[in-house]
Amino acid sequence: MTGRFRIISLVLACAGLMWFHQMRQQRPTRVQTAKQTRTLILGNGSEPETLDPHLATGQPEHHVFGALFEGLVAPLPGNPDANGPGAAASWEHSPDFVTWTFHLQPNGKWSDGTPVTARDFAYSYERELTPALASDYASMLYPLLNAEAFNKGEMTDFSKVGVRVIDDHTLQLTLKGPTPFLPSILKHYTWFPVPRQAIERHGKMTDRDTRWTRPGSLVGNGPFQLKDWHFTHSITVERNPHYWDAAAVRLREIVFLPIQNAGTEDRAFNDGQVHLTSTIPLDKTPVYREKRAAEYHEDPLLSVYFYRCNVTQKPFDDKRVRKALALAVDRESLIRNVLRAGQKPALGFTPPGCGEGYETPSVLKFDPTEARRLLAEAGFPGGAGFPKFEILINSSEAHRTIAEAVMAMWQEHLNLPVTVLNQDWSVYLKSQRDLEFTVCRAGWVGDFLDPVTFLSIWQKGDGNNNTGWHQSRYDELLAASSIEADAAKRMAILREAELLLLDELPILPIYWYVHSYMLDPSVKGWKPSLLEHRCYKALDLVPSS
Amino acid sequence: MLRFIISRVLQGIVVIFAVIVITFLLLKLSPGGPFNKEREMQPHVREMLEAYYGLDQPWYVQLWRQVKGYATFHFPPSLKMPGRGVDEIIAQGFPVSAAIGLPALLIALGIGVPLGAIAALNPRSIEDRTSMVLATLGLCMPSLVLGPLIAMIFGMKLRWFNVSGWYDSTDWVLPATTLGIIYSAYIARLTRGGLRETLAQEFIRTARAKGASEGAVVFVHAFKMACLPVLNFLGPAAAGLLTGSLVTETVFQIPGLGQHFVSAAVNRDDNLAMATAAFYAALIVGFNLLVDIIQAALNPKIGFKG
Amino acid sequence: MKLETQLSPSPWRAAWRRMMSSWLTVGALVFLACLIFACGMAETISPHQPNAQDLELKASGPSAAHWMGTDPLGRDIATRILYGGRVSLLVGALATSVAVLIGVSYGLLAGLAGPRTDAAMMRVVDILYAFPFMTFVIILTVVIGREFWLLFIAIGAVEWLTMARVVRGQVLGLKNQEFVTAARAYGARGGRILLRHMLPNVVGPVIVYASLTVPGVMLLEATLSFLGLGIQPPDASWGVLIRDGADNMETSPWMLFFPSLFFSSTLFALNAVGDGLRDALDPKSFQEAGD
């Protein structure tokens, strides 16, 4: 090899690299191409376990179902938390909120062109409640008369359940008690209709493991229909020409990407691959919040982050101890310095806006002096003699950071011997259920707009109580609320219950979630929602100037 | 030779079933189960679910069903993803993982072997030190750090490739490079060690004394022998690469197999966890057999010993 | 020492001299000694507490008060590196010991036992080899819980496999050599043969292999920490610090840089010592020294 040859090949290699670099740099991003094809691409957290609305339990599924199916009531384009016409064009209820009559859309159709009838809804509710299907969220339908007994197998005649088909386009629901918030519940995917024709082509009504949810087989009644499901990579939905309001749908396609890692999703957004992220990496939040206000969004959510106390354990059976712990958490500082995404300090339990006419009592505050006084009163002056305890968390970066910060606060203000215990998801759940913890991290997401979705879990014997705490007065209040037909009186009863809960504090509320995410400015019609309802038909893509 | 292969295949089948049985027992021993969720399931729903998937049977019945299922190629369904069999999940992820694993293996060999050879041929020289420093750096570099770095440089800054995803025909480049660099470090060290040992041996000295050119000595005689440790490493490494790496798949958003190894165990999708373990065992057995055959071909002294 | 009764002292001394003649090996040894000292004396060296938070400080870059910066909870990175070093070095040393202990005894037994037992024992090793490591470790943590010692067991349980193979190979090679046959002929019993004749002769390869295992083990610990399976918070190991650093790579690069620097220089030093040991203890070099 001569020197000249070497030089020539080096020059050629450099030129080739430059050419390659130029060529690759010029290529349009996926988001730019998507604007032409009116395709919305969004990060969707993780891979949906199933696209069967009766078997799903997660948030990623919730987002896809919003495009594929539609309940009787649907999100309003201007405010997704408000109740607009869906599969039902209108509805009315008896004065006591017990009997509801729904008038279906006269031209409502499945994506295969067959009409959506009241019988489809009755079939869906029967499927959901049939014990053999073992639907995890069947309890969402328990407001229906006799639904619980049917689901538990105590009653085998579905005609006794409060669902009546009056005619093809009229459905009557009878509830077990006054439920003014029923329309909000109906927006939950467990109440969505499922296509009998598709399900029974692939098996029995109660078969869990059939392929009816695959592209080509899945039939829905939503504004979009399933086009492609590339497992663990993407779900693509396209316009449903048979949708009753098809003229209003502007997007041609929506692509859901199951991007689990926040860092990966962040890079994908900055590389122009997605219009919308499902989250933002913890360390980027303050930066984006300040510098990229056009894309950064921060919406309050109907969820609360809190710690459970095991009240069957000494000294946590003493409510003064629990109160001391609650008062020694500096929520403002935690949010300002650790969480940094504009979360709201939880001064009560139910998040703000969780029901029309309900005001969350704000009784908690940061008061280390009072906390120390209460702790001394309980017999542990200056933390002396307090037994060692642990904050149980499931392995996650965010939970760990919060637990470490709370731990430091309890050590500093109360001088308590506390550490953090990390467990795997399934073990953590088991410890929680078997009350094998002292203090443990938890979260609760509301299913509909009413305080009951937060307050009912603290009743005696509720599967989600997991604190060992119960009080007959509290249970009485909740029972009273379920038969109260007057909306204002009902809210007053629930508020009394929450005040009681906040006085007893079997749980230590920490903060109310916000959903922070990045959204490409070319997406128009996007609206915040406490329940993360999305009105996909109202969305559009316009090139930003 | 045929006898050797048949006996090894039979042994391999025993190994695979042993792995299935052990995984099953370990999973049964561990607390929690597939149907534990943050939102507590109603007790009657749990009972129905357990009955549906046969989890209410005594453990030996369940084990027998699993073993029988694998033996007759009737694979169980996933416990977490209704409507998907474990075989379908693996069949979907494996080609993707392989499409990244194969180039990664080639990259690893392409970087590792020359690096190791240069080091071995110039012991204690500056080339030796430099290549070993590089190899050690590669060894220390966890894919969690290297992956995002590569994505940021070649994806975000230079825009040569997509930072993540699996749409374009070039999407394998960045993840394969990440994996390749990490494995090349091991291969460089093994090549250096193997080659140095071989070069010091009798038959090389003889070859040299006979006046064979240095190139011939290295490439014809020494290399064959030096391959052995690398080959031994390549068996498990190939299985590991082909079944994907969780971290690389997460960082580059690749719909491969690696994620299932961890998520199935963490989420307690017991059926899927057993299936991934069995699949991995099958790959290991297969590659080790392949390695043994190549070894025997390279070095008649080892031969085919059962 | 027993070693010296078996082997003439000169090759060992020669090996030592050979090792000390390599500046790289000596440098690596000195570095490791300093590191162990610094981690051991972390309380005296550092003015900060490893878990003391200063929330208002957040993640700030290197400064006079915090030489290597702080993390988002305002904890001093330098101090956490020193304390984390204890964990990482301890895991490296202990898990390797576990691996050596199991591997050597298993390998010796397999090598000395009859061909049938040997074959059975090696099939067990094959089965364990065929296990996907991650699945194994995750299930193990679920079964046993997140105990700190579990880390040693989990890592040791994986690393011993290769060790057992190495030792068994060595023993099979030695079994029929003259001095062992001679000892048998004199009526020495199995246990005695094992202790007096076999063990010393596998020590060389075992030391070399162990020194190369330590870095591997530390890497494994880091990998497990990425999955949140390692040490419990708020304590950290280098693996945990690097993972945190990777999460904050773009906004606070010092969180990644300094732990990585410590980690890679330690691994480099350990590798250098391992290489030095291998060169020094190489049987062929022994022969050359004896010539």
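Letters A, B, ... are given to chains in the order of the sequence lines, protein chains preceding strands, and every chain is numbered from 1. Side chains included, hydrogens not; waters and symmetry mates left out as well; all remaining heavy atoms used.
Using a 4.5 Å cut-off between heavy atoms, A/Leu51 makes no contact with chain B at all. Contacts of B/Thr170 with chain A are made by side-chain atoms alone, with heavy-atom separations under 4.5 Å and no backbone atom involved. Residue A/Asp266: no heavy atom, backbone or side chain, is found under 4.5 Å from chain B. In this structure, no portion of A/Ala138 lies under 4.5 Å from any heavy atom of chain B. Of the atoms belonging to B/Pro77, it is side-chain heavy atoms, and not backbone ones, that fall under 4.5 Å from chain A. Only the side chain of A/Thr57 comes within contact range of chain B, judged by heavy atoms closer than 4.5 Å. Heavy atoms of A/Gln25 lying under 4.5 Å from chain B belong to its backbone as well as its side chain. In this structure, chain B has heavy atoms under 4.5 Å from both the backbone and the side chain of A/Ile259. Proximity to chain B is limited to the side chain of A/Arg211, based on heavy atoms less than 4.5 angstrom apart. Only the side chain of A/Arg214 comes within less than 4.5 Å of a heavy atom of chain B; its backbone N, CA, C and O stay farther away. Both the backbone and the side chain of A/Arg267 come within contact range of chain B, with heavy atoms under 4.5 Å apart.
Summarising the geometry of A/Thr264 relative to B/Val251, their closest heavy-atom pair is CG2-O, 3.1 Å, with the distance given to 0.1 Å. In this structure, B/Pro82 and A/Leu55 approach most closely via the heavy-atom pair CB-CD1, 3.8 Å. Smallest separation of non-hydrogen atoms from B/Pro255 and A/Phe231: CB-O, 3.8 Å. The two residues B/Val45 and A/Ala134 have their closest heavy-atom pair at CG1-O, 3.7 Å.
For the ring-ring contact (aromatic ring centres under 6.0 Å, His included) test with A/His233, the passing option among B/Trp166, B/Phe252, B/Tyr167 is B/Tyr167; the others fail.
Contact check on B/Glu47 versus A/Lys152 returns no salt bridge, with no Lys/Arg side-chain nitrogen under 4.0 Å from an Asp/Glu carboxylate oxygen.
Within a 6.0 Å radius of CE in A/Met18, no more than 12 heavy atoms belonging to other residues, nucleotides or ligands are found. With a 6.0 Å radius and a threshold of 12 heavy atoms from other residues, nucleotides or ligands, A/Lys460 has its NZ atom at or below the threshold.
Using modelled atom types, no side-chain atom of B/Thr250 and backbone atom of A/Asn261 make a donor-acceptor pair closer than 3.5 Å. Panel note: side chain B/Gln253, backbone A/Pro258; a donor-acceptor pair is recorded below 3.5 Å.
In terms of the side chain to side chain donor-acceptor pair (under 3.5 Å) criterion, A/Glu154 has no residue partners (sequence neighbours excluded). Considering only residues two or more places apart in sequence or on other chains, A/Thr213 meets the side chain to side chain donor-acceptor pair (under 3.5 Å) condition with none of them.
Highest contact tally toward chain B, considering only A/Asn466, A/Asp447, A/Asp462, is held by A/Asp447 [criterion: heavy-atom pairs under 4.5 Å]. Taking A/Gln260, A/Met23, A/Lys430 one by one and counting their heavy-atom pairs under 4.5 Å with chain B, the maximum is reached by A/Lys430. Between chain B and the residues A/Ser234, A/Gly153, A/Ser431, A/Ala132, the largest count of heavy-atom pairs under 4.5 Å involves A/Ala132. Among the candidates B/Met41, B/Lys80, B/Arg84, the residue making the largest number of heavy-atom pairs closer than 4.5 Å to chain A is B/Arg84.
Taking the side chain as every heavy atom from C-beta outward, A/Tyr142 and B/Gln42 approach each other to under 4.5 Å. Side-chain contact between B/Phe35 and A/Asp136: absent, with no pair of heavy atoms (C-beta onward) separated by less than 4.5 Å. A/Thr206 is not listed as a side-chain neighbour of B/Tyr52, based on a closest heavy-atom distance of 4.5 Å or more. Looking at heavy atoms from C-beta onward, B/Glu249 lies out of side-chain contact with A/Thr232 at the 4.5 angstrom threshold.
Residues of residues 149-165 of chain B that come closer than 4.5 Å to chain A, counting heavy atoms only, are B/Ala151, B/Met152, B/Gly155, B/Met156, B/Lys157, B/Leu158, B/Arg159, B/Trp160, B/Phe161, B/Asn162, B/Val163, B/Ser164, B/Gly165, ordered by residue number.
Among residues at least two apart or in separate chains, side-chain hydrogen bond (donor to acceptor under 3.5 Å, both in side chains) pairs with a member in residues 43-55 of chain A are A/Glu47-A/Trp229, A/Asp52-A/Arg127, A/Asp52-A/Trp212, A/His54-A/Arg127.
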